[in-house]
Amino acid sequence: MGCLAMSDSWRVRRAGPEDAEAIVSLFNEVFSESRGLDHWRWKFVNNLLGKAYIVVAEDEGKIIGHCALLPAWMSLQGTKVLGAQRVDSMVHPAYR
């Protein structure tokens, strides 16, 4: 997967399945929650409308940021269209 942006110590890239555990861990830390991997898979991988488009920021291999677009039905001038809704945007507190 190609890099979308980069600095000296961190980069932004498209997330892959191997990032799931680190994303869940970041979510739980940022939002003081207890979301599990099963919930993450249900929401982002097994979504009835399709997989989410997810990008992560990482610093030396550690996930420090996350933004996802979830497929969602929307109305455009009265016509039902498939769009996307941004969800679960987060940045590790040390990188804010």
Side-chain angles (χ1 to χ4, degrees):
M1 292 179 213
C3 182
L4 302 176
M6 186 184 286
S7 80
D8 289 341
S9 66
W10 61 272
R11 68 183 188 140
V12 176
R13 63 172 173 78
R14 182 125 186 231
E18 68 281 1
D19 297 312
E21 287 185 34
I23 292 169
V24 170
S25 178
L26 178 64
F27 179 91
N28 291 338
E29 182 174 358
V30 169
F31 296 110
S32 300
E33 296 275 338
S34 280
R35 177 181 285 176
L37 200 51
D38 287 341
H39 181 271
W40 185 86
R41 284 189 188 112
W42 165 81
K43 186 172 184 177
F44 295 106
V45 178
N46 301 322
N47 186 303
L48 293 175
L49 298 179
K51 291 182 181 179
Y53 182 87
I54 302 171
V55 294
V56 293
E58 67 179 2
D59 186 3
E60 298 181 9
K62 178 183 177 185
I63 303 291
I64 59 166
H66 171 272
C67 186
L69 294 174
L70 261 184
W73 287 115
M74 300 179 178
S75 177
L76 178 64
Q77 298 179 341
T79 302
K80 186 177 177 180
V81 297
L82 186 60
Q85 179 179 4
R86 185 183 64 171
V87 297
D88 292 1
S89 296
M90 58 189 149
V91 175
H92 190 282
Y95 290 85
R96 294 180 188 163

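Trp10 and Leu26 are members of different hydrophobic clusters when ILVMFWY side chains are connected at heavy-atom separations under 4.5 Å. Residue Met74 is not grouped with residue Val87 when hydrophobic side chains (ILVMFWY) are merged at heavy-atom distances under 4.5 angstrom, including chains of intermediate members.
Counting heavy atoms of neighbouring residues, nucleotides and ligands inside a 6.0 Å radius, atom CZ of Arg96 exceeds 12 of them.
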Which pairs of donor and acceptor atoms, one on a side chain in residues 54-69, lie under 3.5 Å apart (sequence neighbours left out)?
residue : atom : partner : partner atom : Å
Glu58   : OE1  : Arg13   : NE           : 3.4
Glu58   : OE1  : Arg13   : NH2          : 3.1
Glu58   : OE2  : Arg11   : NE           : 2.6
Glu58   : OE2  : Arg11   : NH2          : 2.9
Glu58   : OE2  : Arg13   : NE           : 3.3
Asp59   : OD2  : Tyr95   : OH           : 2.6
His66   : ND1  : Asp88   : O            : 2.7

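The two atoms that bring Pro71 and Leu82 nearest to each other are CB-CD1, 4.2 Å, heavy atoms only. What you find for Phe27 and Met90 is that their closest heavy atoms are CA-SD, 3.4 Å.
Residues passing the side-chain contact (heavy atoms from CB on, under 4.5 Å) test with Val24, sequence neighbours excluded: Asn28, Leu37, Trp40.
Remark: His92 NE2 to Ser25 OG distance equals 8.0 Å, nearest 0.5 Å.
By the 4.5 Å heavy-atom criterion applied to side chains, Val30 and Val91 are not counted as neighbours.
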Trace of the side-chain contact (heavy atoms from CB on, under 4.5 Å) decision for Ile23 with Phe44: CA-CA 11 Å; Ile23 292 169; Phe44 295 106; 5.9 Å; no
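Listed by first and then second residue, the side chain to side chain donor-acceptor pair (under 3.5 Å) pairs involving residues 67-82 amount to none (not counting sequence neighbours).
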